[in-house]
Amino acid sequence: MNITELTVHELKEKLEKKELTSYEITKAYTDRIAEKEKDVQAFVTTLEEDALEKAKEMDKKIESGEAKSTLTGIPIGIKDNICTKGVKTTCSSKMLEDFIAPYDATVMDKINDEELINLGKLNMDEFAMGGSTEHSYFHVTRNPWNLNKVPGGSSGGSAAAVAAGMVPWALGTDTGGSIREPAAFCGVVGLKPTYGLVSRYGVVAFASSLDQVGPITKDVTDAAMLLNIIAGKDSMDTTSVERPKVDYTKALKNDVKGLKIAVPKEFFGEGINEEVKKNLEKAIETYKELGAEVSEVSLDIAEYALASYYIIACAEASSNLGRFDGVRYGHRAEEYSNVKELITNSRTEGFGPEVKRRIILGTYVLSSGYYDAYYKKAQQVRTLVMNEFQKAFEKYDVILTPTSPTVAFDIGSKSTNPLEMYLADICTVSVNIAGLPGISIPCGIDKEGMPIGMQLIGNKFQEETILNAAYTFEQAIDFRNKYKPEFKGGAK
């Protein structure tokens, strides 16, 4: 039995039957990290010793009947923009290179209440700005399917660690596709919940009206289980929404008969890789065979949503990152002769090129004379995007699109062309603009053996619908047992 290939629900079952201990599970993962981290580079901070000590404690609790949760003793990985008390939270930036969080984010409180074991903080694009995890201050994370390819971003460390079997599941954050795109590139499941379902308190902000924490897992059942843990109203986050408590695992019925699925033709047009398109068409046929009602529709929002997203996201980033000035927060330059120079030098040294680019763009669109032309217009487009989705959901239960127009691309191939990198988000950003839930699940591989992701979008707070649609498809094609990451290639 290879412990690191088991899903969390399988690990939970083996813990309950006393076929495995928490220590054995955690040790298997720390050994796997020791074996694969040098190739994949998924972590910023590893916590092997702490994890093994905690596993021993959890085993004692399980043995004495004092365990607080049915998941007590299961390990997890955490994206490095989620505050974790006593542990570095760097956002993969020089600006926060030495920052040790003095408190836990609300999602970490929930993880700790379940007595899960933190294996470490996972690499990301700096301040979550990027789609490839090449924009980390520390190192580039590599895709376990092919080490010369990107894992996607910004939650590339989370997706790569799950795909490589270095963590059984992980938390990521999604501002414009940053959970779903890496999940697609790494052949795992990534769920972006409805805006407001999960607390953002203690998560370092990129774009406050778009950011959302969500699970990256090996299968859909695990995604539902992790959503059960992190969902819920939080008094520390005024944007979190009061909802009845839901057990999302009960939605997984393996039945989509009568489910109405819309396929927007605009998402399958120019720019979509032929193999991605072919695999998505095959997936659509699978849904038809399973009894779903699939219709082609027109949803002409993708290009408008992308432009609107980058204006809103950069504007909010410009505002949110203003606090990192070397005076109040973050890296402080050693050489300066006055306060203005201190701030300039600290920000010049502390931020990477992609973060600087977005701050400058954001400051520009918020500036006097340009606010109405750009930011206000983008917010008006946002309303149009929301309205278009609402019209679609009056007739359909789920909208099906590619997660990304391509499979994972080569490291370095787009990092010098920001516009090309931004276009990679065209299938995902509209979901964040409208505050909807979206899930990416693998639906096949291309001729080079790279995974292809399919995105299912639901109406607000209809996570149960998309989870069941994803679960039913997953059971039908059994991707996880057919295909495994091969760790091909290597550092060039």
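Sorted by first and then second residue, the pairs that involve residues 377-422 and meet ring-ring contact (aromatic ring centres under 6.0 Å, His included), not counting sequence neighbours, are Phe185-Phe409, Tyr310-Tyr422. Residues in residues 191-212 take part in these ring-ring contact (aromatic ring centres under 6.0 Å, His included) pairs, two or more places apart or across chains: Tyr103-Tyr201. A ring-ring contact (aromatic ring centres under 6.0 Å, His included) check over residues 214-251, counting only residues at least two apart or in different chains, returns nothing. Sorted by first then second residue, the salt bridge (charged side-chain N to carboxylate O under 4.0 Å, His left out) pairs that include residues 354-380, not counting sequence neighbours, are Glu354-Arg357, Glu354-Arg358.
Scored by the side-chain contact (heavy atoms from CB on, under 4.5 Å) test, Pro437 finds Thr194, Glu463, Ile466 as partners (sequence neighbours excluded). Shown here are the side-chain hydrogen bond (donor to acceptor under 3.5 Å, both in side chains) partners of Asp80, two or more places apart in sequence or in another chain: Thr90, Lys121. Under the side-chain contact (heavy atoms from CB on, under 4.5 Å) criterion, Asp247 pairs with Asn228, Thr249, Lys250, not counting sequence neighbours. Residues satisfying the side-chain contact (heavy atoms from CB on, under 4.5 Å) test with Asn279, not counting sequence neighbours, are Cys443, Ile452. Looking at residues two or more places apart in sequence or on another chain, you find a salt bridge (Lys or Arg N to Asp or Glu O under 4.0 Å) between Glu285 and Lys288. Partners of Asp397 by side-chain contact (heavy atoms from CB on, under 4.5 Å), not counting sequence neighbours, listed by chain and number: Leu259, Lys260, Thr465. A search for side-chain hydrogen bond (donor to acceptor under 3.5 Å, both in side chains) contacts involving Lys218 returns Tyr29, not counting sequence neighbours.
Between Ser199 and Asp234, the side chains place a donor N or O and an acceptor N or O closer than 3.5 Å (distance only, hydrogens not considered). Under 3.5 Å, the side chains of Arg382 and Ser209 contain a donor-acceptor pair of N or O atoms.
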Donor-acceptor pairs under 3.5 angstrom involving side-chain atoms of residues 293-309: please list them, not counting sequence neighbours.
| unit_1 | atom_1 | unit_2 | atom_2 | d |
| --- | --- | --- | --- | --- |
| Ser298 | OG | Glu266 | OE2 | 2.5 |
| Ser308 | OG | Ala378 | O | 2.9 |

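Taking the six-membered ring where tryptophan is involved, the planes of Phe351 and Phe324 are perpendicular, since the angle between them exceeds 60° and thus also 30°.
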